[in-house]
Amino acid sequence: MNDFGLYAIMTAPRAGHRRFAETCVECGVKILQLREKGLSDRKLLSIAREVRSITRGTDTMFVINDRPDIAVLCDADGLHLGRDDMDIDDARKIFGGVTGLSTHSITQVQEALERNPDYIGFGPVFPTPTKAIPDPVVGTENLRKVLEISDKPVIAIGGIFPENLSDVLASGAQNIALVRHLMEVDDPRHRILELQRMIANNK
């Protein structure tokens, strides 16, 4: 893993899970994460298996949020863990694929890097209501510092839209995660292609 550009996070997409996943594959999105915290285990696994059937054999890596057991059962490529989720060492006893960690401060980044994740998420870069209890905003200057100290890929996340994406890219970030901007439309293709173009033009 290195610079992979757009990291799409799927949470109750207006387009539907199948259509959104298919669009990500067709557009060459490198990483697609399924993050659905309010579903029953049965429903979550059903969606995860459907999405996996779409991404299998493609260039789109499929990541499950929070749940190493679901990641195993649907044969996902990766697992993403938040601060309140299972410890990464315990999770790796269940799931052996790519594993990423969320971080929300430089101290947390330093602690996370000691656990040797495959990548880290850092944010929220800007204010965001995506979480019920939002973490403090980190800003682009702290993002720049994290990019300098991290020997692992860093994914910038939180409140990122085309209107402020240039500020994130100016910090040196190459990996950008978005949720709301991609979830709120019936057909996400145009927005995905627009974001990919903006990220590619910054290199």
Side-chain angles (χ1 to χ4, degrees), residues 1-15 19-21 23-35 59-63 65 78 80 82-83 98 100-110 112-113 117-131 134-203:
M1 298 182 68
N2 200 349
D3 293 337
F4 35 81
L6 178 61
Y7 184 119
I9 298 179
M10 184 164 52
T11 302
R14 184 180 298 178
R19 185 175 182 184
F20 187 81
T23 303
C24 285
V25 169
E26 292 165 4
C27 293
V29 172
K30 296 301 182 184
I31 302 184
L32 170 61
Q33 181 191 128
L34 177 62
R35 185 172 77 183
D59 292 332
T60 301
M61 177 184 294
F62 180 44
V63 175
N65 183 267
H80 187 86
R83 296 289 297 179
V98 170
L101 292 176
S102 290
T103 62
H104 311 295
S105 69
I106 292 179
T107 298
Q108 289 181 12
V109 168
Q110 293 168 331
L113 291 174
D118 293 288
Y119 70 87
I120 59 172
F122 184 65
V125 180
F126 303 110
T128 174
T130 300
K131 290 187 176 182
D135 296 291
V137 172
V138 298
T140 55
E141 187 55 38
N142 280 326
L143 175 59
R144 185 189 304 275
K145 294 176 182 177
V146 167
L147 290 164
E148 291 174 353
I149 67 174
S150 178
D151 61 348
K152 301 290 184 179
V154 176
I155 299 169
I157 185 172
I160 301 174
F161 290 88
E163 294 77 12
N164 56 29
L165 178 56
S166 59
D167 293 333
V168 180
L169 295 172
S171 73
Q174 294 290 334
N175 307 315
I176 314 293
L178 288 94
V179 187
R180 282 180 294 156
H181 184 64
L182 299 177
M183 295 298 99
E184 63 188 12
V185 290
D186 293 322
D187 185 358
R189 179 183 302 275
H190 174 74
R191 291 190 174 188
I192 288 173
L193 293 175
E194 177 191 29
L195 292 164
Q196 289 175 320
R197 182 167 55 251
M198 292 178 69
I199 294 170
N201 288 344
N202 186 68
K203 293 184 178 180

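Computed from a predicted model, the values in this text were never measured in an experiment.
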Legend entry - Closest approach of Val185 to Arg14 (non-hydrogen atoms, all atoms of both residues): O-CB, 3.6 Å
Legend entry - Interatomic distance, Leu165 atom CG to Met198 atom CE [nearest 0.5 angstrom]: 4.0 Å
Legend entry - Considering all heavy atoms, the nearest Thr60-Val29 contact: OG1-O, 2.7 Å
Legend entry - Residue pair Arg83, His104: steps toward the side chain to side chain contact (heavy atoms under 4.5 Å, CB included) verdict: CA-CA 9 Å; Arg83 296 289 297 179; His104 311 295; 3.6 Å; yes
Inset, instruction - Check the pair Ile31, Phe62 against side chain to side chain contact (heavy atoms under 4.5 Å, CB included), reporting the backbone distance first and the verdict last. - result: CA-CA 6 Å; Ile31 302 184; Phe62 180 44; over 6 Å; no
Legend entry - Spacing of Arg189 atom CZ and Cys27 atom SG [to the nearest 0.5 Å]: 4.5 Å
Legend entry - For Thr140 against Ser171, the heavy-atom pair lying closest together: O-CB, 3.8 Å
Legend entry - Distance in Å, Thr11 OG1 paired with Met183 CE, rounded so as to fall on 0.5 Å steps: 6.5 Å
Legend entry - Ile160 side, atom CD1; Ile157 side, atom CD1 - distance, nearest 0.5 Å: 7.5 Å
Inset, instruction - Determine, stepwise, if the pair Leu34 / Asn65 fulfils side chain to side chain contact (heavy atoms under 4.5 Å, CB included). - result: CA-CA 6 Å; Leu34 177 62; Asn65 183 267; over 6 Å; no
Legend entry - Nearest non-hydrogen partners of Leu113 and Ser150, listed with the distance: CD2-OG, 3.7 Å
Legend entry - Under 3.5 Å: donor-acceptor pair, side chain of Asp118, backbone of Gly100: no
Inset, instruction - Look at atom CG of Asp59 and say whether more than 12 heavy atoms of other residues, nucleotides or ligands are closer to it than 6.0 Å. - result: no
Legend entry - Point-to-point distance, once rounded to the nearest 0.5 Å, from OG of Ser166 to CG of Asn201: 12.5 Å
Legend entry - Closest non-hydrogen atom pair, Ala156 against Leu143: CB-CD2, 3.8 Å
Legend entry - Any donor-acceptor pair under 3.5 Å from Thr103 side chain to Gln108 backbone: no
Inset, instruction - Check the angle between the aromatic planes of His181 and Phe161 and answer parallel, tilted or perpendicular using the 30° and 60° thresholds. - result: perpendicular
Inset, instruction - Take Phe20 and Leu32 through the side chain to side chain contact (heavy atoms under 4.5 Å, CB included) test and state the conclusion after the steps. - result: CA-CA 10 Å; Phe20 187 81; Leu32 170 61; 3.7 Å; yes
Legend entry - Atom of Ala112, atom of Pro117 and distance for their closest heavy-atom approach: O-CD, 3.1 Å
Legend entry - pair Val154-Tyr119: side-chain heavy atoms closer than 4.5 Å: no
Inset, instruction - Keeping the roles fixed (side chain from Gln174, backbone from Ile155), state whether a donor-acceptor pair exists under 3.5 Å. - result: no
Inset, instruction - Could you walk me through whether Glu194 and Arg197 pass salt bridge (Lys or Arg N to Asp or Glu O under 4.0 Å), step by step? - result: CA-CA 5 Å; Glu194 177 191 29; Arg197 182 167 55 251; 5.6 Å; no
Legend entry - Gln33 side, atom CD; Cys24 side, atom SG - distance, nearest 0.5 Å: 12.0 Å
Inset, instruction - Keeping the roles fixed (side chain from Asn164, backbone from Gly159), state whether a donor-acceptor pair exists under 3.5 Å. - result: yes
Inset, instruction - Salt-bridge test for Glu184 and Arg191: reply yes if a basic N is under 4.0 Å from a carboxylate O, no otherwise. - result: yes
Legend entry - Identified side chain to side chain contact (heavy atoms under 4.5 Å, CB included) counterpart of Phe122 within the set Asn175, Leu101, Asn142: Asn142
